[in-house]
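Counting starts at 1 for both ligands and their atoms, in listed order.
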Amino acid sequence: MKTAVVAVIVRAGKVLVVQRAAGIPAAGYWTPPSGKLNAKETEPQALVREMQEELALAVRPLRCVWQCPAEGAAYRLHWWLAAPMSSTLDPAPAEIAAVRWVRPAQFARLQPTFTAGRHFFETILPGLPEWRGHRAPLGSTLEQ
Ligand SMILES: Nc1nc2c([nH]c(=O)n2[C@@H]2O[C@H](COP(=O)(O)OP(=O)(O)OP(=O)(O)O)[C@@H](O)[C@H]2O)c(=O)[nH]1
């Protein structure tokens with residue numbers, strides 16, 4: 001089955017989410033940014049490329065923290081923690097309508113969202129040691 005990577009990018013206790021642009025599948029949905037692997041590409045390579053293409057954001061992939069099927073099950077989603085390496089974003093309008101840095105409780109209020117995204121913020125993220133350490137700002141922890 002094909003794989004798409006989802007980037008969990010944390011800064012100062014908040015996670016970067018994007019709203020998918022009009023004209024692409026699942027338009028309007030809020031989710032951490034994602035992208036499909038090209039042929040022969042590794043997951044970290046795809047993560048770096050997609051964040052550059054969609055957000056002009058340099059990231060350092062850290063580790064895969066969760067896997068789940070996409071809705072419709074054509075893809076498997078591999079969720080990766082990634083450290084932001086640049087401080088600015090420049091979203092590609094063809095793919096991204098809006099960006100926001102959110103805490104889990106704020107993500108829960110965004111609509112529409114995918115089942116996988118809600119599960120990630122409610123159940124997976126709070127259990128990650130990197131996230132539990134976020135009382136010291138998580139961004140700085142991840143960037144060390
Ligand atoms: N980002 C994201 N995508 C999800 C979630 N759940 C889910 O079923 N999907 C689906 O999984 C697929 C993710 O692939 P993708 O992000 O590469 O899709 P895309 O259309 O942007 O493709 P591309 O950027 O590689 O061209 C999409 O079809 C999306 O609808 C989720 O929680 N987050």
Exercise. Does Glu53 reach the main-chain N or O of Glu50 with its side chain, forming a donor-acceptor pair under 3.5 Å?
Worked result: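 No; zero donor-acceptor contacts below 3.5 Å.
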When you measure from [atom] to every protein heavy atom, which one gives the shortest distance, and what is it?
atom                    : answer
atom 8 (O) of ligand 1  : Glu71 N, 2.6 Å
atom 10 (C) of ligand 1 : Ala70 CB, 3.9 Å
atom 26 (O) of ligand 1 : Lys36 NZ, 4.4 Å
atom 33 (N) of ligand 1 : Thr31 OG1, 2.7 Å
atom 20 (O) of ligand 1 : Arg20 NH2, 3.2 Å

Does any part of the side chain of [Y], heavy atoms only, come nearer than 4.5 Å to the side chain of [X], both counted from C-beta?
X     : Y      : value
Val17 : Phe107 : yes
Thr3  : Lys36  : no
Val99 : Leu55  : yes

[X] heavy atoms, cut-off 4.0 Å: which ligand 1 atoms fall inside?
X      : value
Ala116 : 32 (O)
Glu50  : 24 (O), 25 (O)
Glu54  : 24 (O)
Pro32  : 1 (N)

Examine ligand 1 and decide if any of its atoms is less than 4.0 Å from a heavy atom belonging to [X].
X     : result
Gly72 : no
Leu77 : yes
Glu53 : no

Exercise. Among Ala46, Ala74, Ala21, Ser34, whose heavy atom sits nearest atom 15 (P) of ligand 1?
Worked result: Ser34
Exercise. Just going by heavy-atom distances, which of Phe120, Trp30, Phe114 is nearest to atom 7 (C) of ligand 1?
Worked result: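 Ranked by closest heavy atom to atom 7 (C) of ligand 1, first place is Phe114.
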Exercise. Can you tell me how far CG of Leu110 sits from CZ of Arg118, rounded to the nearest 0.5 angstrom?
Worked result: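 Reported to 0.5 Å precision, the distance equals 11.0 Å.
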For this session: Give a yes or no on whether a salt bridge exists between Arg20 and Glu95, defined as a side-chain N under 4.0 angstrom from a carboxylate O.
Result: no
Exercise. Would you say atom 17 (O) of ligand 1 touches the protein, meaning some protein heavy atom is under 4.0 Å from it?
Worked result: yes
Answer side chain, backbone, both or neither: which part of [X] comes under 4.0 Å from ligand 1, heavy atoms only.
X      : result
Pro33  : neither
Thr113 : neither
Trp79  : side chain

Exercise. What are the two closest heavy atoms between Leu37 and Ala46, and how far apart are they?
Worked result: CD1-CB, 3.7 Å
Problem set entry | Contact summary for Trp80 and Pro44, nearest pair of heavy atoms |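 Result for this residue pair: CH2-CG, 3.7 Å.
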Exercise. Would you call the rings of Trp66 and His119 parallel, tilted or perpendicular, where under 30° means parallel and over 60° means perpendicular?
Worked result: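 It falls in the tilted class, 30° to 60°.
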For this session: Would you verify whether the NZ or CZ of Arg100 falls within 45 degrees of the ring axis of Trp30 while also being under 6.0 Å from that six-membered ring's centre?
Result: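 Arg100 over Trp30 ring: yes.
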